[in-house]
Amino acid sequence: MTAFPKSPLSLWLAEYGPYQEEPPLTGNIDVDVAIVGGGFTGIATAHTLKKEQPSLSVAVLEHEVVGYGASGRNGSFAMTVVGLGFSVMAMLKGKQFVKDAHAYMERAVDGLEELIRENNLQCDYTRPGFLRMATSPSFVKRIHHEIDLVQKLGIGGIEWLERDAAREKVNSEMYLGAMWEPRLGLLNPAKLVREEKRLALERGAMVYERTPVEEIRRGAKV
Ligand SMILES: Cc1cc2nc3c(=O)[nH]c(=O)nc-3n(C[C@H](O)[C@H](O)[C@H](O)COP(=O)(O)OP(=O)(O)OC[C@H]3O[C@@H](n4cnc5c(N)ncnc54)[C@H](O)[C@@H]3O)c2cc1C
């Protein structure tokens, strides 16, 4: 077991206890795919490539430890929200964009849940759903406006809860109603990224930690 780095870690990373780092890269290696950075993007790319094409040699090179960047510091929500909400995004990017982006995010949330279940990734995953509580009459109006737009766009899975139904979920007299979307997962991001590292290793990818990439040269392989 190795100690955590001296630079500050997120609470998620710091709380997770002893962690088995992969050794740094020493010397030269030749691989089909070298991935810079061991966050969700890099580690998921590694295990997905190995799943799709097991014969590829794949190496992840991580400057500190896996999850050291945003992936080990995030808020823990797997949710469909894109940007600033449906109405604002429709104004900025158009209605088709909102529809397509929401469909993409639905696939992302469901796909992550599938990945976690299929591979038994131990990351404290739960699916509590998403409540956007209205605390004033103007907020109620704003949420109704959002729901009207969602329904006009043919997006399902989001509904208005009247006051009593909202209070059944979270009991506060401040709540006048809520927007309810069951499709929201909560997880421990540090555990998830480390479990995805385990999956990448099991599938045969190489992961090197404490391995800063100092230069990338683009061009044909010689
Ligand atoms: C405070 C916060 C809260 C968030 N909350 C949420 C949320 O609730 N839900 C959600 O879906 N998203 C959330 N996000 C966004 C999400 O965490 C990021 O989109 C995601 O983690 C990005 O992953 P990544 O792998 O692309 O980047 P990172 O996780 O940042 O990974 C990049 C890695 O590259 C390494 N690296 C950098 N330079 C080099 C180099 N030269 N050589 C080798 N390695 C290098 C870094 O050390 C790092 O580990 C949040 C982000 C933040 C910051």
Side-chain angles (χ1 to χ4, degrees), residues 2-16 19-29 31 33-50 58-86 89 101-116 121 123-132 157 179 181-201 203 205-218:
T2 33
F4 279 119
K6 290 196 185 86
S7 30
L9 284 169
S10 72
L11 287 176
W12 292 122
L13 288 165
E15 272 183 4
Y16 190 18
Y19 169 64
Q20 182 65 57
E21 291 183 20
E22 299 309 304
L25 176 63
T26 52
N28 294 325
I29 54 164
V31 289
V33 184
I35 297 168
V36 183
F40 287 132
T41 309
I43 293 289
T45 303
H47 67 64
T48 306
L49 280 175
K50 289 299 287 182
V58 177
V60 179
L61 310 164
E62 165 55 46
H63 179 38
E64 290 277 354
V65 286
V66 160
Y68 181 77
S71 303
R73 298 167 191 274
N74 83 31
S76 81
F77 303 100
M79 62 202 302
T80 63
V81 172
V82 176
L84 302 167
F86 296 106
M89 290 311 285
H102 188 78
Y104 179 88
M105 294 309 288
E106 283 184 341
R107 289 197 300 280
V109 174
D110 293 348
L112 177 63
E113 183 169 306
E114 209 177 292
L115 177 83
I116 291 168
L121 304 180
C123 60
D124 306 335
Y125 183 80
T126 57
R127 193 164 178 152
F130 177 35
L131 277 175
R132 181 168 296 197
M179 186 163 95
E181 185 182 17
R183 187 181 268 107
L184 178 141
L186 272 183
L187 51 87
N188 178 320
K191 288 186 180 179
L192 176 62
V193 73
R194 289 173 177 181
E195 281 286 90
E196 288 196 60
K197 172 183 120 172
R198 174 179 64 76
L199 186 60
L201 291 169
R203 289 182 179 168
M206 293 161 266
V207 178
Y208 297 100
E209 297 180 83
R210 312 276 177 200
T211 302
V213 172
E214 288 167 357
E215 189 182 350
I216 298 173
R217 274 184 244 146
R218 295 178 197 280

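In listed order, ligands and their atoms are each counted from 1.
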### Distance from atom 7 (C) of ligand 1 to nearest protein heavy atom, with residue and atom
Phe77 O, 3.6 Å

### Shortest protein heavy-atom distance from atom 34 (O) of ligand 1, along with the residue and atom involved
Gly37 CA, 3.2 Å

### Task
Write down the atom of Ser76, the atom of Pro189, and the distance for their closest heavy-atom approach.
CB-CD, 4.1 Å

### Top protein contact for atom 43 (C) of ligand 1, by heavy-atom distance
His63 N, 3.2 Å

### Query
Which protein heavy atom lies closest to atom 29 (O) of ligand 1, and at what distance to 0.1 Å?
Ser71 OG, 2.5 Å

### Summary
Under 4.0 Å from one or more heavy atoms of Ser76, ligand 1 contributes atoms 8 (O)

### Query
Who's the nearest protein heavy-atom neighbour of atom 25 (O) of ligand 1, and how far?
Thr41 N, 2.9 Å

### Message
Please list, in number order, the atoms of ligand 1 under 4.0 Å from a heavy atom of Pro212.
### Response
42 (N)

### Query
Nearest protein heavy-atom contact for atom 31 (O) of ligand 1: which residue, which atom, what distance?
Gly39 CA, 3.6 Å

### ligand 1 versus Val36: contacting region, heavy-atom distance under 4.0 Å
side chain

### Message
Between Glu22 and Val60, is the side chain to side chain contact (heavy atoms under 4.5 Å, CB included) condition met? List the steps.
### Response
CA-CA 11 Å; Glu22 299 309 304; Val60 179; over 6 Å; no

### Message
Looking only at protein heavy atoms, which one is nearest to atom 41 (N) of ligand 1, and what is the separation?
### Response
Val213 O, 3.1 Å

### Query
Between Val66 and ligand 1, which residue portion shows a heavy-atom distance shorter than 4.0 Å: side chain, backbone, both, or neither?
neither

### Where Arg203 and Thr48 come nearest, the two heavy atoms and their spacing
NH1-N, 4.4 Å

### Message
Quick one, Tyr125 with Glu113, criterion side-chain hydrogen bond (donor to acceptor under 3.5 Å, both in side chains). Give me CA distance, side-chain angles, the key distance, then yes/no.
### Response
CA-CA 8 Å; Tyr125 183 80; Glu113 183 169 306; 2.7 Å; yes

### Message
Could you work out, for atom 51 (C) of ligand 1, the closest of Leu192, Val109, Asn74 by heavy-atom distance?
### Response
Asn74

### Task
Please assess Tyr104 against Val82 for the test side chain to side chain contact (heavy atoms under 4.5 Å, CB included), listing each intermediate value before the final yes or no.
CA-CA 10 Å; Tyr104 179 88; Val82 176; over 6 Å; no

### Task
Answer yes or no: is there a donor N or O on one side and an acceptor on the other, between the side chain of Arg210 and the main chain of Pro24, under 3.5 Å?
no

### Message
Need the ligand 1 atom indices (1-based, order shown) with element for anything under 4.0 Å from a heavy-atom of Gly75.
### Response
3 (C), 4 (C), 5 (N), 6 (C), 7 (C), 8 (O)

### Message
Using the side chain to side chain donor-acceptor pair (under 3.5 Å) definition, which of the options Glu181, Arg107, Arg183, Glu106 pairs with Thr80?
### Response
Glu181

### Summary
Here the atoms of ligand 1 under 4.0 Å from any heavy atom belonging to Thr211 are 43 (C)

### For atom 49 (O) of ligand 1, the protein heavy atom that lies nearest, with its residue and separation
Glu62 OE1, 2.7 Å

### Query
Do Leu121 and Leu192 have side chains that get closer than 4.5 Å, going by heavy atoms?
yes

### Task
For atom 37 (C) of ligand 1, state whether the nearest protein heavy atom is under 4.0 Å away.
no

### Nearest non-hydrogen partners of Leu25 and Thr211, listed with the distance
N-OG1, 3.1 Å

## Note on the structure
Checking heavy atoms under 4.0 Å, the part of Arg73 that sits near ligand 1 is backbone

### Task
Go through Tyr68 and His63 one step at a time and tell me if the side chain to side chain contact (heavy atoms under 4.5 Å, CB included) criterion holds.
CA-CA 9 Å; Tyr68 181 77; His63 179 38; 5.9 Å; no

### Query
Atoms of ligand 1 less than 4.0 Å from Leu61 heavy atoms?
43 (C), 44 (N)

### Query
Between Lys197 and Glu209, is there a salt bridge with N-O shorter than 4.0 Å?
yes

### Query
If you measure from atom 18 (C) of ligand 1 to every heavy atom of Ala70, Gly38, Ser10, which option wins on shortest distance?
Ala70

